[in-house]
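Taking it in order: structure first as structure tokens, then the write-up.
One-based numbering, in listed order, for ligands and for the atoms of each. The analysis underlying the following values was restricted to heavy atoms, covering all of them including side chains, and did not include hydrogens, waters or symmetry mates.
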Amino acid sequence: MSIRKLPALLVNQIAAGEVIERPASVVKELMENSIDAGARQIRVTIETGGIELINVADDGSGMQPEDLPLAIAPHATSKIEVANDLEAIATLGFRGEALASIASVSRMTIVSRAREHDSASMINVEGSNESVVEPVAGPVGTTIRVRNLFFNTPARRKFMRTPPTEAGHVREVASSIALSHPDVAVVLEHDGRVVFDLPGGQSAKQRALAILGTELSPELLELNAESDGVRLWGMIGRPGIARATSRHIMMFVNGRRINDRTIHHALKEAYRGLIEPNRHPTAVLFIVVDPAAVDVNVHPTKAEVRFRHQAQVHGLIHSGVRTRLREADLAPAVQFAGGSELKLQSAPWQPPQEFGTGRGSGASDGGERKSAQSFVDYFRQLDPKQKGFVYTEVKSALEKEPEIAPLVQQQNDSNSGGGFAESDELPRVQQAARVLQVHSSFIVTQDEQGLVIIDQHALHERVMFERLKQRVEQGPLQSQRLLMPAVVRAGRAQVEALATLQPMLGKLGIEAEPMGPESVAVHAFTTLLFERKVDPVQFMSALLDEAGDNKFADDPEAALHEVLDMMACKAAIKAGDRLTDEELGELIRFRETVERSSNCPHGRPTSLRLSIRDLEKQFGRT
Ligand code: ADP
Ligand code: MG
């Protein structure tokens, strides 16, 4: 075997293999170049998920005509000159290989004009063929157009997913660059539709909210910390908006989006005890360190970094986040709209005589139900404003019942089918915690701090999620065959996605196969979902929709949790469902046994608390 030097095109294509994985990688490199060129505005336009076209236009410094061929030559960069520069990199790019790599696997056109030039210049590259540089009309700045990505490397082209999936990755990349550069205006368009349009000159907070969603604003806490020259700024989510995947954790070091295990670990530690171990907080963390104290040259796409003072960074994140969480009141409180406007009776509200306090009476007998009913009647005739904070006096005997059976026992009871298990203990629990169902939607009870109002759907959803999760760990969920297959109509992308879902469907006890290009036949369905009256067709079409849009996490376990989330939501009791005493009792017990059950899997609160202090204030006792 003789040793040969590889042709330049092949060298670049091999390099591209490391950096350019999919359209999103191209968008990342081009946007970073625009930022490095001092752009104030970046417009990203893609077609067909970026597979057919990616166009990134900026108003940055532009390039001289003679620099265009150099820009696409490998290892050509304007950003570092000597090895010493590698020690303190302040720009996003520096390897000088991105444009060369992209050009080797696509059809690329660069139009660029430096400020001091009257006209722009253009160069076309296709594989190893490079055009001469020609003058063209164009504004100051650079526009790079990339068409037919991987047209000459069919193996790579096959690895691309559906256009919506690729568009999702592009969005992820573009929004994380936008997050760390709030001063730069960023527009993303896909197939002629504006995905986002962020104005320039935003503050870091405005930008973070614009990207995370302004509706999340009450759930986010702002973070500011510093130690020994390392600065930390960020927004962290209340434990309530914890998710099944870590996709909502974004970290930046000196403006560069990275993924760092030290930081993940510090964050996880800070939330310990506040969210369940397998869930992940929402967090956007910006760390600013001396560029010389961090090595960004350890990963081809610079997604990982190495800190010189690892322990210091860990300490800052851990204590910064922990302190902020400790300061915040994490139990969602009842919000009084317009405080004193609430028209209260002059004396603190007393339960009407016939309702009574029920002290000492058998809890799950007919008498209790009657008094619950009379409460409901009483409640119905109240002024709507008063309904918001009506409560009943209940005995908090839960504290006297520490031996309450753990949830796990219920879960092993395979006959319970995930609904409310019948068990000798339930009436006792019901007796212990007096609870009321209000308008078949909310449950009212108390804890040591005051009155607790529970959203029955949200809490039950949480119960179902935990159950499903534990069951699925023990083996495939119990399944039931359909007499006739249920036919689900779906788009082609959805039907194609079925194949990738199969291993998961097996675990869930669902048997389904394509039936022609646009429908899927369901042959067997999860028993538990049947029992909770979930329609197989509706459930499967929701599942296929999500899968077709590639909404599920790449990690199989995280994806499984996302599907269990969906199952739990569909199977949970709804607002308006009347509950038996046993059902009420079990819900309350769940809340007590599983601490941190204060949020449903989607992160909406499952309960609100009205503390005794608030009540006293509202009744004018203080
Ligand atoms: P790197 O960013 O690592 O230097 P690239 O291959 O991404 O390598 O880019 C090569 C060179 O092309 C850059 O160093 C820069 O001088 C020039 N360049 C690329 N994109 C732009 C742009 N949008 N505006 C101005 N100059 C650019
Ligand atoms: Mg670059």
Which bit of L99 is near ligand 1, meaning a heavy atom under 4.0 Å away: side chain, backbone, both or neither?
-> both
Determine, for F151 and R157, whether the Lys NZ or Arg CZ falls below 6.0 Å from the six-membered ring centre while staying within 45 degrees of the axis.
-> no
Stacked cation flag R243 on Y271, 6.0 angstrom / 45 deg = no
Under 4.0 Å from a heavy atom of [X]: give me the atoms of ligand 1 that qualify, with their elements.
X	answer
A98	6 (O), 7 (O)
S78	13 (C), 14 (O), 15 (C), 16 (O)
T77	1 (P), 4 (O), 14 (O)

Taking distance alone, with no angle check, do N33 and ligand 1 share an N/O pair under 3.5 Å?
-> yes
Confirm or rule out an N/O/S atom of T77, from backbone or side chain, lying less than 2.8 Å from the Mg ion (ligand 2).
-> no
Would you say M63 contacts ligand 1, with heavy atoms under 4.0 Å as the rule?
-> yes
Among V56, D58, D36, which residue places a heavy atom closest to atom 23 (N) of ligand 1?
-> D58
Can you check whether [X] reaches [Y] side chain to side chain, under 4.5 Å on heavy atoms?
X	Y	result
M122	V133	no
I249	H264	yes
R257	M250	yes

Relative to the ring of F286, is the ring of F252 parallel (under 30°), tilted (30 to 60°) or perpendicular (over 60°)?
-> parallel
